[in-house]
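The structure under discussion appears below in the form of structure tokens.
Here the structure is a predicted model, which means the values were calculated and not measured.
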Amino acid sequence: MALARAHLLYGEWLRRENRPGDARTQLRTAHQMLASSGAEAFTERARRELAATGETVGRRTAAARVELTAQERQIARRARDGHTNPEIGAEPFLSPRTVEWHLRKVFTKLGISSRRELSSALADLDGPALRA
């Protein structure tokens, strides 16, 4: 992660020094490394910097972004079904705060902001597979 951020910072500096070709090389490297590590905010920053050099970089698609872990899926299902954070955490022995942390990650990955949106987001993700 530190190396990816170094590429990003160097690329930003090169762009500001009016060296767009050199900046693109650094920014492409940073973008690839950050995207593969899941650092979404830094990936977006690298994408914007690349765009400023004249290069077109697409945003990550929903399919590429949405890769819920097994635990995130379980927590999302239980939240969708109306369970509170303490109820969700009781079975796998997680604290309500840990459940809250997982739900924030799920919301970010699914591009939603509330439990009300979980049902349709999970249905869109896997269809009938998550309804079980």
Contact summary for [X] and [Y], nearest pair of heavy atoms:
{"X": "Leu8", "Y": "Ala30", "result": "N-CB, 3.5 Å"}
{"X": "Glu40", "Y": "Thr108", "result": "OE1-CG2, 3.9 Å"}
{"X": "Ala76", "Y": "Val106", "result": "CB-CG1, 4.0 Å"}
{"X": "Gly11", "Y": "Ala23", "result": "O-CB, 3.4 Å"}
{"X": "Ala46", "Y": "Leu34", "result": "CB-CD1, 4.4 Å"}
{"X": "Ala79", "Y": "Leu118", "result": "CB-CD1, 3.6 Å"}

Worked verdict on Leu3 versus His7 for side chain to side chain contact (heavy atoms under 4.5 Å, CB included): CA-CA 6 Å; Leu3 179 59; His7 282 289; 3.8 Å; yes
Please list all pairs meeting salt bridge (charged side-chain N to carboxylate O under 4.0 Å, His left out) that have one or both residues in residues 82-97, counting only residues at least two apart or in different chains. Arg78-Glu91
Does Leu9 belong to the same Ile/Leu/Val/Met/Phe/Trp/Tyr cluster as Phe42, with side-chain heavy atoms less than 4.5 Å apart forming each link? no
Modelled atom types, side-chain donor and acceptor of Glu117 and Ser114, under 3.5 Å: yes
Ignoring hydrogens and geometry beyond distance, is a side-chain donor-acceptor pair present between Glu72 and His102 at under 3.5 Å? no
Would you say Arg5's side chain and Met1's backbone share a donor-acceptor pair under 3.5 angstrom? no
May I ask you to decide if Leu94's main-chain N or O and Thr98's side chain share a donor-acceptor pair within less than 3.5 Å? no
Determine, step by step, whether Gln26 and Trp13 satisfy the side chain to side chain contact (heavy atoms under 4.5 Å, CB included) criterion, reporting the C-alpha distance in whole Å, the side-chain angles of both residues, the deciding distance to 0.1 Å, and the verdict. CA-CA 10 Å; Gln26 295 299 318; Trp13 180 81; over 6 Å; no
Arg47 bridged to Glu44 by N-O distance under 4.0 Å: yes
With a 4.0 Å cut-off, would you call Glu49 and Arg45 a salt bridge? no
Sub-4.5 Å side-chain heavy-atom contact between [X] and [Y]:
{"X": "Asp22", "Y": "Glu17", "answer": "no"}
{"X": "Leu27", "Y": "Thr53", "answer": "yes"}
{"X": "Leu122", "Y": "Leu68", "answer": "yes"}

Has Arg104 got more than 12 heavy atoms of other residues, nucleotides or ligands less than 6.0 Å from its CZ? yes
Interatomic spacing from [atom1] in [X] to [atom2] in [Y] - rounded to 0.5 Å:
{"X": "Thr29", "Y": "Tyr10", "atom1": "OG1", "atom2": "OH", "value": "12.0 Å"}
{"X": "Ile88", "Y": "Ser95", "atom1": "CD1", "atom2": "OG", "value": "12.0 Å"}
{"X": "Lys105", "Y": "Ile75", "atom1": "NZ", "atom2": "CD1", "value": "9.5 Å"}
{"X": "Ile112", "Y": "Ser120", "atom1": "CD1", "atom2": "OG", "value": "7.5 Å"}

Arg24 and its side chain to side chain contact (heavy atoms under 4.5 Å, CB included) partner, picked from Arg19, His31, Glu55: Glu55
Is there a salt bridge (charged side-chain N to carboxylate O under 4.0 Å, His left out) between Glu12 and Arg16? Walk through the geometry before answering. CA-CA 6 Å; Glu12 289 173 334; Arg16 285 166 181 75; 5.1 Å; no
